[in-house]
2 protein chains.
Amino acid sequence: MNISEVSKKYNIPIDTLRYYEKEGLLPPVRRTESGLRDYSEQDCGWVEFIKCMRGAGLSIDTLRQYITLYGKGNRTLQKRKNLLVSERDKLKARIDEMQKTLQRLNYKIKVYEERIVACEKELLRKRKSK
Amino acid sequence: MNISEVSKKYNIPIDTLRYYEKEGLLPPVRRTESGLRDYSEQDCGWVEFIKCMRGAGLSIDTLRQYITLYGKGNRTLQKRKNLLVSERDKLKARIDEMQKTLQRLNYKIKVYEERIVACEKELLRKRKSK
DNA sequence: CTAAACCCTGGAGTTGGCTTTAAGTCAAGC
DNA sequence: GCTTGACTTAAAGCCAACTCCAGGGTTTAG
């Protein structure tokens, strides 16, 4: 799979794919003889994983650490788990905060709706009294 | 209330408070004769609101638009509500995405735990067979 | 009265995460 | 054989959102 196919499949710009690789977010992708990237199934898996994690706000640096540990094999299992747990906890905290803000926005919107209705009634009243 | 008190109260750096004001995220704060900022209750309310909304990912630009509309009075009620609804919807979408990623992380962590247990058993087996 | 601590402004610098550019290689279609 | 379009690299550029700095005025404790 060449870079533009991967780009289309996951809807990630080509430049971003190269950037992620340069930054060590995925293991160096195999090349054809002429030097073109040829993504394996596993590479695609990483790309999808990165996209998902970036979407949830994990930093480039954190993901680089994770894949670096992954590259060192089984003896980093515990460290990788710890990293995931720590990111999971942070993510959970972010979600909780955002949930509260969501509710606050919903409440604000409700108040706006009431005020808008009140405004319209007021207009109607004025028009009648003319 | 002077700027460092507000900074401490909401845990926002002084520079950031000034930056927000410069960017039009809150109405110009009243000054003492000598030119020092003196935050009113209402100013504090805005600061808290901004902190909350920024924490949920609303952009500086969006918040500037909101307060600009607010400054124009009642005739912008509908526009302000529309803006809030649009941001609410985006926030909800972000939360949903992050929820999915949270579950994925939880699953991954579970798998890691099992693998770690398996690894430990393996070690124990080796030690016994010596 | 003065030193230390605090506040002011305008503008420059930093950070994270891309995104574009320049200059070149390579493969396929006409 | 030549053009077109996709790929390559390293490096520079860009954007949002801060963050820091220089140079100067103000407030307060001793």
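A, B, ... follow the sequence lines: proteins, then strands. Residue 1 opens every chain.
Atom CD of A:Glu23 and atom P of D:dA10 are 12 Å apart (whole Å). Atom C1' of nucleotide D:dA16 and atom NZ of B:Lys22 are separated by 14 Å, given to the nearest angstrom. Atom pair B:Glu33:CD and C:dC8:C1' shows a separation of 16 Å (rounding to whole Å applied). One can place CG of A:Leu17 at 16 Å from C1' of C:dT20, the figure rounded to the nearest angstrom. Rounded to a whole Å, the CG atom of A:Leu58 is 14 Å from the C1' atom of C:dG17. Atom pair B:Ile60:CD1 and D:dC15:C1' shows a separation of 13 Å (rounding to whole Å applied). B:Ile3 places its CD1 atom 15 Å from the C1' atom of C:dA5, with the value rounded to the nearest Å. Rounded to whole Å, atom C1' of D:dT19 lies 15 Å from atom CD1 of B:Ile12.
Distances from the side chain of A:Asp15 to the nucleotides C:dT20, C:dC18, D:dA6 place C:dT20 closest. Comparing C:dC18, C:dC7, D:dA17 against the side chain of B:Ser4 picks out C:dC7 as the nearest.
Contact check, A:Arg18 against D:dA11: no side-chain N or O comes under 4.0 Å of OP1 or OP2. The shortest distance between the side-chain N/O atoms of A:Asn2 and the OP1/OP2 oxygens of D:dA6 is not below 4.0 Å. Taking 4.0 angstrom as the limit, B:Thr16 places a side-chain polar atom (N or O) nearer than this to OP1 or OP2 of D:dT19. Between D:dC18 and B:Tyr20, a contact under 4.0 Å exists linking OP1 or OP2 to a side-chain N or O. Dashed line: the shortest gap from a side-chain N or O of B:Arg31 to OP1 or OP2 of C:dT9 is under 4.0 Å.
Within a 6.0 Å radius of CD in B:Glu114, other residues, nucleotides and ligands contribute more than 12 heavy atoms.
Classification of B:Asp61 and B:Arg64 as a salt-bridged pair holds, one side-chain N sitting under 4.0 Å from a carboxylate O. Salt-bridge annotation for A:Glu87 and A:Arg54: absent, with no side-chain N of the basic residue lying under 4.0 Å from a carboxylate O of the acidic one.
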Distances under 3.5 Å only, N/O to N/O: pair up the protein atoms with those of nucleotides 22-28 of chain D.
residue, atom, partner, partner atom, Å
D:dT27, OP1, B:Ser34, OG, 2.6

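With DNA chain C read from its 5' end, the first of the two nearest nucleotides for A:Arg54 and B:Ile14 is the one closest to B:Ile14.
A donor-acceptor pair shorter than 3.5 Å can be found between the side chains of A:Asp43 and A:Ser40.
B:Asp38 places a side-chain N or O within 3.5 Å of a backbone atom of B:Met1 that can act as its donor or acceptor partner. Proximity of a side-chain donor or acceptor of B:Lys79 to a complementary backbone N or O of B:Leu69 within less than 3.5 Å is not detected.
A perpendicular orientation is assigned to the rings of A:Phe49 and A:Trp46, their planes being inclined by more than 60° (bins at 30° and 60°).
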